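The structure presented is a predicted model; accordingly, all values stated were derived computationally and were not measured. Worth knowing before you read on, the calculation uses all heavy atoms, side chains too, and leaves out hydrogens, waters and symmetry mates.
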Amino acid sequence: EVMPTLDMALFDWTDYEDLKPEV
Amino acid sequence: ADPCYDEAGEPRCCVPGLVNAALGREVLASSTCGSPANRVCDSSDPQRAHSADLLTSAPGTASPLCWRSDLLQRAPFNITLTVPLGKAFELVFVSLRFCSAPPTSAALLKSQDHGRSWVPLGFFSSSCGLDYGRPPAPADGPAGPGPEALCFPAPQAQPDGGGLLAFSVQDGSPQGLDLDNSPVLQDWVTATDIRIVLTRPAAQGDTRDGGVTAPYSYSAAELQVGGRCKCNGHASRCLLDTQGRLTCDCQHGTEGPDCSRCKPFYCDRPWQRATGQEAHACLACSCNGHARRCRFNMELYRLSGRRSGGVCLNCRHNTAGRHCHYCREGFYRDPGRTLSDRRACRACDCHPVGAAGKTCNQTTGQCPCKDGVTGLTCNRCAPGFQQSRSPVAPCVKTL
């Protein structure tokens with residue numbers, strides 16, 4: 001089974017703003 | 001055939017041919033006749049100028065044939081002839097042919113630093129003790145273990161009125177020394193300049209015209225300095241460089257006027273003079289094509305059993321290590337490319353959320369994945385996991 005790649009748009013960065021990668 | 005490499009392309013010891021190193025060189029004489037002009041010598045008239053350059057001009061090409069000193073009225077009768085050779089040579093012999101009666105006392109000196117300092121090679125005198133404070137040269141050479149300046153008999157006057165001062169480097173050297181393996185002999189034969197000091201004319205002491213000391217002069221031609229351009233076994237010829245200076249045509253990864261150092265990238269082992277048994281070529285550092293510079297490390301050289309001491313500097317193309325032989329942090333070896341390929345190292349490209357770090361396994365390229373994450377770059381959830389909304393735990397178990 002090949003899983004889809006992680007979708008960055010689904011992550012909630014509210015509590016992790018400092019971890020958010022620059023796009 | 002290249003004298004510096006054998007048929008298989010392996011380096012071998014090579015040396016320039018034996019030449020007259022003084023030929024065509026300017027001679028500095030402390031005294032030359034013709035200024036002011038007299039009946040036989042006029043420095044302003046080419047037909048009557050007995051200049052010092054006649055000593056080193058090609059035989060038979062000049063007229064007059066002989067250099068002449070000024071008339072010497074009274075002691076001291078010292079006249080100095082100095083020949084800068086332009087670079088270091090390994091001497092074999094020095095000779096000077098006199099056009100008139102040869103001096104009864106003379107000294108031969110050499111410089112190894114282009115005239116800054118001088119050391120004697122030999123003395124020539126009919127009175128060694130009086131003139132130089134030395135005993136006559138023993139018939140079997142110097143008594144000590146190394147070469148030394150000995151005092152030889154003064155040149156004999158020949159029937160034609162001239163004479164020959166001749167010196168061989170073997171004259172002052174103990175028998176059995178081998179140039180390849182004797183640093184003291186190598187030092188003994190090395191010279192950048194030659195100087196002959198004529199100290200007593202043949203007729204000094206004679207008187208004429210009721211006790212008045214007659215004026216004397218020296219006259220000579222054909223100053224020969226037989227030797228080989230010194231290249232330490234790493235060149236078969238010397239050439240003029242762009243500035244007109246004589247320099248070795250260095251091979252074996254060496255450079256410098258005498259091939260006396262390794263070229264910048266050829267420092268995998270220390271420089272050595274070539275011998276008949278071993279070329280001792282400078283070896284290029286092994287950097288897999290990813291560095292242009294390296295430095296020598298003696299400690300590593302010793303640890304390697306005296307085989308390799310080069311350390312590559314500024315490895316490029318994302319490589320690292322002493323030989324640029326592995327990938328720097330954040331990159332891994334592409335197994336489909338050779339180590340020397342410019343793209344041998346690929347970026348890890350670890351996923352910014354799925355990976356626990358940015359550094360992957362340098363061999364496999366595998367990034368460190370968070371729990372429940374998989375893939376070379378940690379960009380997918382593992383089977384049985386699904387993407388969450390938390391960037392801290394991007395994959396959670398499927399309910």
Quiz item: Under 4.5 Å between any side-chain heavy atoms of Met8(A) and Pro352(B), yes or no?
Solution: yes
Exercise. Using a cut-off of 6.0 Å, state whether more than 12 heavy atoms not belonging to Tyr266(B) lie near its atom OH.
Key: no
Quiz item: Are more than 12 heavy atoms from other residues, nucleotides or ligands located less than 6.0 Å from atom CZ of Arg337(B)?
Solution: yes
Exercise. Under 4.5 Å heavy-atom distance to chain B, tell me which part of Asp15(A) shows up: side chain, backbone, both or neither.
Key: neither
Quiz item: Do any N or O atoms from the side chain of Arg380(B) and from the backbone of Met3(A) form a donor-acceptor pair under 3.5 angstrom?
Solution: yes
Practice problem: Taking atom CZ of Arg316(B) as the centre, report whether more than 12 heavy atoms of other residues, nucleotides or ligands fall under 6.0 Å from it. | Solution: yes
Exercise. With a 4.5 Å cut-off on heavy-atom pairs, point out which of Leu6(A), Leu19(A), Thr5(A) contacts chain B the most.
Key: Leu6(A)
Quiz item: Given a strict heavy-atom distance threshold of 4.5 Å, which part of Cys395(B) is in contact with chain A: side chain, backbone, both, or neither?
Solution: side chain
Exercise. Tell me, yes or no, whether the heavy-atom count around Asp371(B) atom CG, taken from other residues, nucleotides or ligands under 6.0 Å, exceeds 12.
Key: no
Practice problem: Kindly say whether Leu10(A) contributes a backbone atom to a donor-acceptor pair with the side chain of Gln387(B) at under 3.5 angstrom? | Solution: no
Quiz item: Is it the case that more than 12 heavy atoms not belonging to Lys358(B) sit under 6.0 Å from its NZ atom?
Solution: no
